[in-house]
**Student:** 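Got a structure here, written out as structure tokens. Questions coming.
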Protein chains: 2
Amino acid sequence: MVNKEEYRTRIILTASKIFSHYGFRKTTMEEISRALKKGKSSIYYYFASKEEIFEAVVLYEANQLRTQLTTAIKEVDSPQEKLRIYIYVRMKAFAKLSNYYNAVFDKNLDHYEFIEKIRSRYDREELAILRLLVYVGNTRGIFRVEASEYTAMAIQTMLKGMEVPLFWRKRDIDINDRLEAILNLIFNGINKR
Amino acid sequence: MVNKEEYRTRIILTASKIFSHYGFRKTTMEEISRALKKGKSSIYYYFASKEEIFEAVVLYEANQLRTQLTTAIKEVDSPQEKLRIYIYVRMKAFAKLSNYYNAVFDKNLDHYEFIEKIRSRYDREELAILRLLVYVGNTRGIFRVEASEYTAMAIQTMLKGMEVPLFWRKRDIDINDRLEAILNLIFNGINKR
DNA sequence: CGACTTTCCGACCCGTTTGTTCTACATAAT
DNA sequence: ATTATGTAGAACAAACGGGTCGGAAAGTCG
């Protein structure tokens with residue numbers, strides 16, 4: 001078409017939907033190409049392999065989540081609300097992306113290092129955001145924490161801890177309950193009394 | 001185990017979950033047996049083939065939906081509410097079962113005749129229910145229709161029409177809106193003024 | 001119109017998957 | 001002891017699926 005890069009993102013967008021539903025393994029090149037109304041081999045003009053598409057999708061999804069989170073916390077003002085909305089959006093996003101994880105843990109752990117690479121980079125960003133959130137809340141006199149750095153890390157650890165059971169349970173109802181509980185715990189441990 | 005039939009239903013229950021998520025094609029015997037913590041070949045002691053399991057699952061699911069619907073309409077009294085809840089439950093069920101349809105339309109239409117057989121039987125039952133609903137509402141002076149038989153058929157046609165786009169759109173939000181619209185249409189065309 | 005590049009695809013390759021069979025091995029029932 | 005009831009490992013043909021390749025369209029430019 002007009003632009004090669006443009007079509008690449010179109011492939012990413014399409015593949016993303018299929019991957020998120022079926023996981024990496026069960027998604028076939030045939031399906032992706034069929035969804036794009038193109039021949040299977042045409043895809044190889046834009047991506048060298050299925051894995052490359054997958055990596056692009058994960059990268060895209062990670063960036064998507066990043067902007068999603070940053071814009072979400074901008075829409076509220078109070079640090080509590082920021083933190084609440086941050087965790088909420090993050091949880092929802094991870095619940096949706098659980099299939100990517102199933103894909104990774106499917107059989108071969110080849111992608112594992114790739115995911116981890118993205119992950120570690122993203123973790124640092126997340127930590128920075130959380131640190132800022134805690135710090136601002138602190139200076140505003142809403143939170144009261146000694147070391148915002150380590151507090152942020154503790155929160156992040158908590159969030160990470162929430163991911164794992166998320167990918168194994170299929171409950172949709174108790175997600176909100178759990179979120180409330182988590183937030184309650186965080187705030188009651190963090191709020192100025 | 002104790003009872004052979006008992007284990008068959010256990011297989012059906014387990015396979016049902018996987019089928020509904022991945023469809024017929026993408027679900028493997030390996031997966032089913034793994035979920036049951038049994039050897040792959042052991043399943044063949046209970047079912048002759050993968051297709052036989054699939055058929056059993058579809059049959060089971062159809063019966064499930066039937067009782068689900070009949071019990072649901074028993075819980076409310078007014079004909080309007082009965083109709084509303086009937087359509088609502090039916091929609092939700094079909095949305096959930098969309099993967100079975102994807103499985104059917106996947107490639108080979110071998111199951112098609114089987115599904116159609118269940119379907120036609122079920123259609124007749126549904127028509128009877130709808131007819132009764134319309135009829136009761138009519139005698140109670142809430143509805144006002146000339147021929148309840150043909151009105152029921154019209155409603156059923158409408159419901160069938162709702163199925164198709166349901167399987168191609170992924171929206172979750174506008175489902176309720178659409179339901180409201182449909183109900184509104186039905187009631188305003190059917191309600192006594 | 002050519003020449004040349006970009007985009008696309010059918011046909012094929014070949015290692016892997018998968019549905020199914022078969023046989024052997026337990027364990028319980030008669 | 002022998003039959004009935006389950007179970008699973010090994011083996012296999014058929015299908016699948018990722019990837020390659022040569023060349024056909026289709027667009028671009030002079």
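In what follows, chains carry the letters A, B, and so on, assigned in the order in which the sequence lines appear, proteins first and then strands, with residues in each chain numbered from 1. Basis for what follows: all heavy atoms, side chains included, without hydrogens, waters or symmetry-related copies. Just so you know, these numbers come straight off a predicted model, no measurement behind them.
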**Student:** Rounded to whole angstrom units, what separation is found between the CD atom of B:Glu30 and the C1' atom of D:dA10?
**Tutor:**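 Going from B:Glu30 (CD) to D:dA10 (C1'), I get 14 Å.
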**Student:** When you check the phosphate oxygens OP1 and OP2 of D:dT7, does a side-chain N or O of B:Tyr46 lie under 4.0 Å from one of them?
**Tutor:** yes
**Student:** C:dC9, D:dA8, C:dG19: which one has an atom nearest the side-chain heavy atoms of A:Ser42?
**Tutor:** C:dC9
**Student:** Tell me whether A:Lys26 is salt-bridged to B:Glu31, with the criterion being a basic N under 4.0 Å from an acidic carboxylate O.
**Tutor:**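 Yes.
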**Student:** Look at the side chain of B:Lys40 against the base of D:dG9 and say whether a donor-acceptor pair falls under 3.5 Å; ignore hydrogens and angles.
**Tutor:**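 For B:Lys40, whose side chain was compared with the base of D:dG9, there is no donor-acceptor pair (under 3.5 Å).
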**Student:** Specify whether B:Phe19 and B:Phe54 have parallel, tilted or perpendicular ring planes, treating 30° as the upper limit for parallel and 60° as the lower limit for perpendicular.
**Tutor:**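 Answer is perpendicular, since the angle exceeds 60°.
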**Student:** When only distance counts, do a donor and an acceptor, one from the side chain of A:Lys50 and one from the base of D:dG19, lie under 3.5 Å apart?
**Tutor:**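 Answer is no: no donor-acceptor pair is held.
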**Student:** Looking at A:Tyr122, I'd like to know if the NZ or CZ of A:Arg66 sits under 6.0 Å from its six-membered ring centre while staying within 45 degrees of the ring's axis.
**Tutor:** no
**Student:** Are any of B:Tyr45's side-chain N or O atoms less than 4.0 Å away from OP1 or OP2 of D:dG6?
**Tutor:**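 Indeed, a polar side-chain atom of B:Tyr45 lies that close.
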**Student:** Take atom CZ of B:Arg10 and atom C1' of D:dG6, then tell me their distance rounded to the nearest Å.
**Tutor:** 14 Å
**Student:** Rounded to whole angstrom units, what separation is found between the CD1 atom of B:Ile32 and the P atom of D:dA8?
**Tutor:**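 Taking CD1 of B:Ile32 and P of D:dA8, I get 15 Å after rounding.
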**Student:** Hey, does B:Thr27 reach any base, or is it just sugar-phosphate, or nothing, if we go heavy atoms under 4.0 Å?
**Tutor:**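 Counting heavy atoms under 4.0 Å across all strands, the contact made by B:Thr27 is with sugar-phosphate only.
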**Student:** Could you give the OH-to-P distance, from B:Tyr44 to D:dG9, as a whole number of Å?
**Tutor:**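 Answer to the nearest Å: 15 Å.
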**Student:** Closest to the B:Thr28 side chain: C:dC9, C:dT18, D:dG18?
**Tutor:**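 Within the option list, the nearest is C:dT18.
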**Student:** Any idea which of D:dG6, D:dA10, D:dG19 is nearest the B:Ser41 side chain?
**Tutor:** D:dA10
**Student:** To the nearest Å, how far apart are B:Ile43 CD1 and D:dA8 P?
**Tutor:** 9 Å
**Student:** So that I can tick it off, tell me whether A:Arg131 and A:Glu149 are bridged by a salt bridge, with the cut-off set at under 4.0 angstrom between side-chain N and carboxylate O.
**Tutor:** yes
**Student:** Side-chain N or O of A:Arg25 less than 4.0 angstrom from OP1 or OP2 on D:dG17?
**Tutor:**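 Negative; the distance criterion is not met.
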